[in-house]
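Here is the structure we will look at.
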Amino acid sequence: MKYTQLGRTGLKVSRLVLGTMNFGPQTEEADSHSIMDAALDAGVNFFDTANVYGWGENKGRTEEIIGNWFAKGGDRRDKVVLATKVYGNMAATDGDVWPNHDKLSAVNIRRAVDASLKRLRTDHIDLYQFHHVDRNTPWEEIWQAMDVLVQQGKILYVGSSNFAGWHIARANETAARTGRLGLVSEQCKYSLVERRAEMEVIPAARGYGLGVIPWSPLGGGLLGGVLRKERENPERRSSQALANNPGLRDQVQAYEDLLDKHGLEPGEVALAWHLAQPGVTGPIIGPRTREQLDSALRAVELELSEELLASLDEIFPGPGPSPEAFAW
């Protein structure tokens with residue numbers, strides 16, 4: 001496994017991030033524990049989750065699965081850089097949410113972190129992430145709440161997820177005025193088929209020293225050999241995104257043809273592409289099975305040539321830097 005520092009911090013994390021969103025809804029607890037054991041054995045030390053994972057009436061279930069895994073001992077907790085998120089309500093349905101039981105008020109942050117610590121069966125969270133921007137809570141209040149948690153030893157670092165570039169700037173400028181460390185990472189939707197983050201989000205993250213942690217690095221499965229799988233199984237249901245966008249189908253076909261020519265696996269190349277992008281700490285992988293984990297691990301050792309990277313840019317051109325992408 002290869003490691004890098006998380007943004008401008010001294011914290012060393014693996015170049016792959018183990019995403020746990022499938023643990024519970026799609027992967028049983030025993031299999032989830034096996035995947036985490038295998039990931040740790042392979043050197044993956046950065047685990048990502050969220051308080052709402054498990055979804056619906058099972059919100060919090062994923063954190064519980066991780067907590068039960070930590071409870072097995074063997075230095076599991078000490079070896080893991082643990083990241084979870086706060087924002088969403090924990091009610092089974094959105095209509096059942098009680099006032100102040102969601103978003104980023106100081107009241108909800110205090111309640112949510114204690115609940116996550118209990119489910120995770122740990123005394124601290126290494127990276128506490130805002131799952132979404134809260135447009136109604138001032139940053140002064142949010143940072144004060146974070147200060148309290150740091151002083152109590154409940155969290156160490158703070159990150160964001162799904163923020164715009166100007167949200168990152170506003171958060172960190174507010175933090176800087178009072179001598180706080182501010183955000184150290186941004187978790188954003190980013191892949192070869194979704195490159196809008198390159199216009200504002202990633203430049204802002206790099207400018208403020210945030211590590212970039214892409215989610216959905218396979219573009220919702222589009223970059224994992226989806227057309228090959230369709231050919232191998234004609235009864236397989238086609239991707240809705242491909243069905244609604246013939247141009248995207250042509251791009252994905254060109255992508256798979258290119259990698260067939262080089263004898264490379266689409267999913268592994270999609271992850272290796274992230275590792276070649278400036279500012280990217282590591283993509284989040286969300287394996288449902290051990291086989292999917294093994295495939296992702298191979299991506300870390302995959303070196304993409306400049307020629308291949310240029311060909312990928314031709315198939316999936318990025319938006320270009322801002323403001324040139326929309327002005328001059």
Side-chain angles (χ1 to χ4, degrees), residues 19-25 48-68 82-175 177-178 180-189 201 210 213 215-216 284:
T20 62
M21 187 171 64
N22 291 320
F23 294 174
D48 176 76
T49 190
N51 60 350
V52 295
Y53 289 172
W55 310 113
E57 62 184 16
N58 293 313
K59 287 178 181 176
R61 177 60 183 145
T62 302
E63 286 187 333
E64 290 176 349
I65 289 173
I66 296 170
N68 293 340
L82 175 63
T84 192
K85 308 182 192 75
V86 57
Y87 180 87
N89 78 80
M90 296 298 289
T93 62
D94 290 341
D96 293 333
V97 63
W98 191 253
N100 302 313
H101 279 215
D102 64 351
K103 301 186 179 177
L104 302 179
S105 71
V107 170
N108 186 56
I109 286 172
R110 177 179 176 176
R111 176 183 295 110
V113 74
D114 285 343
S116 283
L117 288 171
K118 183 177 181 180
R119 287 189 293 267
L120 289 163
R121 301 176 72 171
T122 186
D123 63 355
H124 75 283
I125 293 161
D126 299 301
L127 177 64
Y128 202 41
Q129 303 164 109
F130 307 126
H131 212 160
H132 197 277
V133 67
D134 184 348
R135 297 179 175 88
N136 298 317
T137 303
W139 276 107
E140 290 81 2
E141 175 182 348
I142 295 171
W143 283 126
Q144 180 176 283
M146 293 297 108
D147 284 348
V148 171
L149 299 185
V150 171
Q151 291 162 9
Q152 292 175 334
K154 293 180 179 179
I155 70 168
L156 299 181
Y157 301 95
V158 182
S160 59
S161 182
N162 304 304
F163 274 33
W166 76 273
H167 294 141
I168 293 171
R170 189 173 182 184
N172 272 21
E173 289 298 329
T174 304
R177 286 198 298 271
T178 52
R180 295 180 172 99
L181 181 60
L183 301 173
V184 302
S185 63
E186 160 60 18
Q187 192 176 123
C188 58
K189 188 177 184 180
V201 176
L210 279 65
I213 308 170
W215 62 270
S216 193
I284 297 175

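Residue numbers start at 1 and run along the sequence shown. A quick note: this is a predicted structure, and the numbers were derived from the prediction, not measured.
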> Are Thr49 and Thr20 linked by a side-chain donor-acceptor pair shorter than 3.5 Å?
Replying inline: yes
> For the atom pair OG1 (Thr174) and CD1 (Ile142), what is the distance rounded to the nearest 0.5 Å?
Replying inline: 9.0 Å
> Among Lys85, Arg121, Arg119, whose salt bridge (charged side-chain N to carboxylate O under 4.0 Å, His left out) with Glu63 holds?
Replying inline: Arg119
> Is there side-chain contact between Met146 and Phe130, with heavy atoms separated by less than 4.5 Å?
Replying inline: yes
>> Rounded at 0.5 Å granularity, tell me how far CD1 in Ile155 sits from CG in Leu82.
In response: 12.0 Å
> Hey, what's the ring geometry for Tyr53 with His131, parallel, tilted or perpendicular (30° and 60° as the breaks)?
Replying inline: perpendicular
>> Pairing donors with acceptors under 3.5 angstrom, does anything connect the side chains of Ser105 and Asn108?
In response: no
> Is any side-chain heavy atom of Phe163 less than 4.5 Å from a side-chain heavy atom of Val201?
Replying inline: no
> Considering all heavy atoms of both residues, which atom of His124 and which atom of Gly153 are nearest to each other, and what is their separation?
Replying inline: CB-O, 3.3 Å
>> Check this for me: does any side-chain nitrogen of one of Arg61 and Glu64 sit under 4.0 Å from a carboxylate oxygen of the other?
In response: yes
> Which atom names give the shortest non-hydrogen contact between Cys188 and Glu186, and what distance separates them?
Replying inline: CB-OE2, 3.5 Å
> Which pair of non-hydrogen atoms, one from Leu127 and one from Gly159, has the smallest distance, and what is that distance?
Replying inline: CD1-N, 3.6 Å
>> I need the minimum non-hydrogen distance between Gly19 and Ile284, along with the two atoms involved.
In response: CA-CG2, 3.5 Å
> Side-chain donor-acceptor pair under 3.5 Å between Gln129 and Ser161, yes or no?
Replying inline: no
> CD of Gln144: more than 12 outside heavy atoms within 6.0 angstrom?
Replying inline: no
> Between Tyr128 and Lys154, do the side chains contain an N or O donor and an N or O acceptor separated by less than 3.5 Å?
Replying inline: no
> Is there side-chain contact between Val113 and Val86, with at least one heavy-atom pair below 4.5 Å?
Replying inline: no
> Looking only at heavy atoms, what is the nearest atom pair of Trp215 and Lys189, with distance?
Replying inline: NE1-N, 3.1 Å
> Does atom CZ of Arg180 have more than 12 heavy-atom neighbours from other groups under 6.0 Å away?
Replying inline: yes
>> With a 3.5 Å distance limit and no angle check, can you tell me whether Asp96 reaches the backbone of Ala91 through a side-chain donor-acceptor pair?
In response: no
> Taking all atoms of both residues into account, what is the closest heavy-atom pair of Glu141 and Ala106, and its distance?
Replying inline: OE2-N, 2.9 Å
> OG1/Thr84 to CD1/Ile125 distance, rounded to the nearest 0.5 angstrom?
Replying inline: 6.0 Å
> Looking at CD of Gln187 and CG of Asn162, how far apart are the two atoms once the value is rounded to the nearest 0.5 Å?
Replying inline: 7.5 Å
>> Taking the side chain as everything from C-beta on, heavy atoms only, tell me whether Trp143 gets closer than 4.5 Å to Thr178.
In response: no
> With no hydrogens and no angle check, is any side-chain donor or acceptor of Thr62 less than 3.5 Å from a backbone partner on Phe23?
Replying inline: yes
> If you measure from CD1 on Ile109 to CG on Asn100, what distance do you get to the nearest 0.5 Å?
Replying inline: 12.0 Å
> From Asp147 CG over to Gln152 CD, what is the distance, rounded to the nearest 0.5 angstrom?
Replying inline: 11.0 Å
